[in-house]
Undergrad: 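Handing you a structure now.
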Number of protein chains: 2
Amino acid sequence: MTTGSRKLNGAGKRSTRQRALIMDIIRRGQGHLDADEIFRRAREKEPRLSLSTVYRTLQMMKELDLIDELHFTESHHHYEVKPTREHHHLVCLGCGRVIEFDYPLSSYLKKEVPEAKGFEIEETEISVAGYCARCQRARR
Amino acid sequence: MTTGSRKLNGAGKRSTRQRALIMDIIRRGQGHLDADEIFRRAREKEPRLSLSTVYRTLQMMKELDLIDELHFTESHHHYEVKPTREHHHLVCLGCGRVIEFDYPLSSYLKKEVPEAKGFEIEETEISVAGYCARCQRARR
DNA sequence: AATGCTATTGCAAATCATTTGCAATAATAA
DNA sequence: TTATTATTGCAAATGATTTGCAATAGCATT
Ligand SMILES: [Mn+2]
Ligand SMILES: [Mn+2]
Ligand SMILES: [Zn+2]
Ligand SMILES: [Zn+2]
């Protein structure tokens, strides 16, 4: 009955030390970590852990809807625990910093657009790229 | 003075057969092509063209603001000529089809959010993943 | 039109993120 | 405890994109 074992067992999955650790890191990590960062942090506790396990675990947690995968304007992805409030992200092209902001999508996008096109929305994501205050200063 | 030579020369770039061809394919290709599809089509006219040239050209055209790079929930990117009207995309997880829709972002997102956070927006993208009418039928 | 300078190309090899095969190991049900 | 089988670590594979380099081709200048 360690962290999350309930949900895992419920889904017919086994509760392992590495899964608990990875989940913990994402939870405590202020969100928005990428696979490699999760790997680095996890290795401090569990030096034999492999990167494949990180990827496999992330994929599983995505399928169980425990986490969200974020697609910024980068070649790799970031992860955060399934959030309570609908929010999106400002990502700094200079330093990579991520700033959250609230923005409920209008019913026009959530209902009318899909209805008009016969499209069934699975998930929506707004990605905003630009420069944070600090990096704006640094650029001029 | 073939297609686009003006813009290229203006930017201190050379106007080559392969660049004109690639630009043409994107223009005529109904948009939303990926690098490999552009490569395949270009090869029909120019069999010795290399994939690196496609990638190098895409990057250049992005920098010259001639095209937009689209980040769907896929591991590779898609490209379209810089559009006139602000629009976004519904991408089908089943068949990959792309459906465009109009959706001007509210001033809340364009002005108030960045102001509040001291953030300077460079570009915004909404990506909506789901299932198109045809694929919905196929799934049940 | 011929020349020279250098950007651009094709090709092969490199890189980066992610995935996969497989034999060893560990979690759970019996 | 033991048996069953999911999960792991490791190495190798994959897919997308990038890079080094020598050959080629734009284009400004004679
Ligand atoms: Mn977040
Ligand atoms: Mn479009
Ligand atoms: Zn920044
Ligand atoms: Zn479809």
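Worth knowing before you read on, the calculation uses all heavy atoms, side chains too, and leaves out hydrogens, waters and symmetry mates. None of these values were measured; they are calculated from a predicted model. Reminder, nothing fancy here: chain letters follow the sequence lines and each chain counts from 1.
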Undergrad: Could you tell me whether A:His78 and A:Phe72 have their ring centroids closer than 6.0 angstrom?
TA: yes
Undergrad: For A:Glu112, enumerate each residue passing the side-chain contact (heavy atoms from CB on, under 4.5 Å) test, keeping only those at least two apart in sequence or located in another chain.
TA: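 side-chain contact (heavy atoms from CB on, under 4.5 Å) list for A:Glu112, sorted by chain: A:Ser107, A:Tyr108.
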Undergrad: Would you please name every residue forming a side-chain contact (heavy atoms from CB on, under 4.5 Å) with B:Ser75, sequence neighbours left out?
TA: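 B:Ser75 satisfies side-chain contact (heavy atoms from CB on, under 4.5 Å) with no residue once adjacent residues are dropped.
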Undergrad: Below 3.5 Å is the cut-off: list the nitrogen or oxygen pairs between protein and nucleotides 18-20 of chain D, distance only.
TA:
unit_1	atom_1	unit_2	atom_2	d
D:dT19	O4	B:Ser52	OG	3.4
D:dG20	O6	B:Arg56	NH1	3.4

Undergrad: Can you measure B:Ile22 atom CD1 to C:dT9 atom C1' for me and round it to whole angstrom units?
TA: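 Computing the B:Ile22:CD1 to C:dT9:C1' distance gives 11 Å.
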Undergrad: Check the orientation of B:His32 and B:His89. Use parallel for under 30°, tilted for 30 to 60°, and perpendicular for over 60°.
TA: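 Ring orientation, 0 to 90° scale: perpendicular.
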Undergrad: Between P on C:dT18 and CE on A:Met60, what's the gap in Å once rounded to a whole number?
TA: 18 Å
Undergrad: Who are the side-chain contact (heavy atoms from CB on, under 4.5 Å) partners of A:Pro104, not counting sequence neighbours?
TA: A:Glu86
Undergrad: Please list, chain by chain and in numerical order, all residues satisfying side-chain contact (heavy atoms from CB on, under 4.5 Å) with A:Arg134, sequence neighbours excluded.
TA: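 side-chain contact (heavy atoms from CB on, under 4.5 Å) list for A:Arg134, sorted by chain: A:Arg97, A:Cys132, A:Arg137.
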Undergrad: Could you pull out all residues at least two apart from B:Arg41 that satisfy salt bridge (charged side-chain N to carboxylate O under 4.0 Å, His left out)?
TA: B:Glu37
Undergrad: Name the atoms and distances for all side-chain donor-acceptor pairs under 3.5 Å in residues 113-129 of chain B, with sequence neighbours left out.
TA:
unit_1	atom_1	unit_2	atom_2	d
B:Lys117	NZ	A:Glu100	O	3.3
B:Glu125	OE1	B:His71	ND1	2.9
B:Glu125	OE2	B:His71	N	2.7

Undergrad: Of all heavy-atom pairs between A:Arg19 and A:Arg14, which one has the smallest distance, and what is that distance?
TA: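 What the structure gives for the nearest pair is NH1-O, 2.7 Å.
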Undergrad: Do B:Val81 and B:Val54 sit in one hydrophobic cluster, given that two such residues count as connected whenever their side-chain heavy atoms are within less than 4.5 Å of each other, even indirectly?
TA: yes
Undergrad: I would like to know whether A:Leu105 and B:Tyr103 meet side chain to side chain contact (heavy atoms under 4.5 Å, CB included); could you show each step before the answer?
TA: CA-CA 11 Å; A:Leu105 291 169; B:Tyr103 187 70; 4.2 Å; yes
Undergrad: Show each protein N/O and nucleotides 27-30 of chain C N/O combination with a separation under 3.5 Å, one pair to a line.
TA:
unit_1	atom_1	unit_2	atom_2	d
C:dA27	N3	A:Arg14	NH1	3.2
C:dT28	OP1	A:Asn9	OD1	3.1
C:dT28	OP1	A:Ser15	N	3.1

Undergrad: Within this structure, what is the CG-to-P distance between A:Asp36 and C:dT19, rounded to whole angstrom?
TA: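 Distance check: A:Asp36 CG to C:dT19 P gives 14 Å.
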Undergrad: Using heavy atoms to find the nearest nucleotide of DNA chain D for A:Arg48 and A:Gly12 separately, return the residue whose nucleotide is more 5′.
TA: A:Gly12
Undergrad: Mind calculating the distance between CG (A:Leu64) and P (D:dT7) to the nearest angstrom?
TA: 10 Å
Undergrad: Could you tell me how far apart B:Leu49 (CG) and C:dC11 (C1') are, to the nearest whole angstrom?
TA: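 Atom CG in B:Leu49 sits about 12 Å away from atom C1' in C:dC11.
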Undergrad: Is any side-chain heavy atom of B:Asp34 closer than 4.5 Å to one of B:Tyr79?
TA: no
Undergrad: Identify, with sequence neighbours excluded, every residue that meets side-chain hydrogen bond (donor to acceptor under 3.5 Å, both in side chains) alongside B:Arg85.
TA: B:Asp102
Undergrad: Grab the N/O contacts between the protein and nucleotides 13-16 of chain C below 3.5 Å, and write none if there aren't any.
TA:
none

Undergrad: Less than 4.5 Å apart, side chain to side chain, heavy atoms only: is that true for B:Ile26 and B:Met61?
TA: yes
Undergrad: Compute the angle between the rotation axes at the two ends of the helix from C:dA1-D:dT30 to C:dA30-D:dT1, each taken over five pairs, rounded to 10 degrees.
TA: 30°
Undergrad: Closer than 3.5 angstrom, by distance alone: can the side chain of A:Thr53 be matched with the main-chain N or O of A:Leu49 as a donor-acceptor pair?
TA: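 Such a contact is absent between A:Thr53 side chain and A:Leu49 backbone.
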Undergrad: Using a strict heavy-atom distance below 4.0 Å, which residues from residues 88-97 of chain B are in contact with DNA chain D?
TA: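 Contacting residues: none.
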Undergrad: State, without any angle test, whether B:Gln136 and B:Tyr131 hold a side-chain donor-acceptor pair at a distance under 3.5 Å.
TA: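 There is no such pair between these side chains.
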Undergrad: What's the CG-P distance between B:Leu33 and D:dA16, to the nearest Å?
TA: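 Interatomic distance, CG of B:Leu33 to P of D:dA16: 15 Å.
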Undergrad: Just the rounded figure in Å: distance from P of C:dT8 to CG of B:Leu21.
TA: 17 Å
Undergrad: How many Å lie between CD on B:Glu74 and C1' on D:dT14, as a whole number?
TA: 17 Å
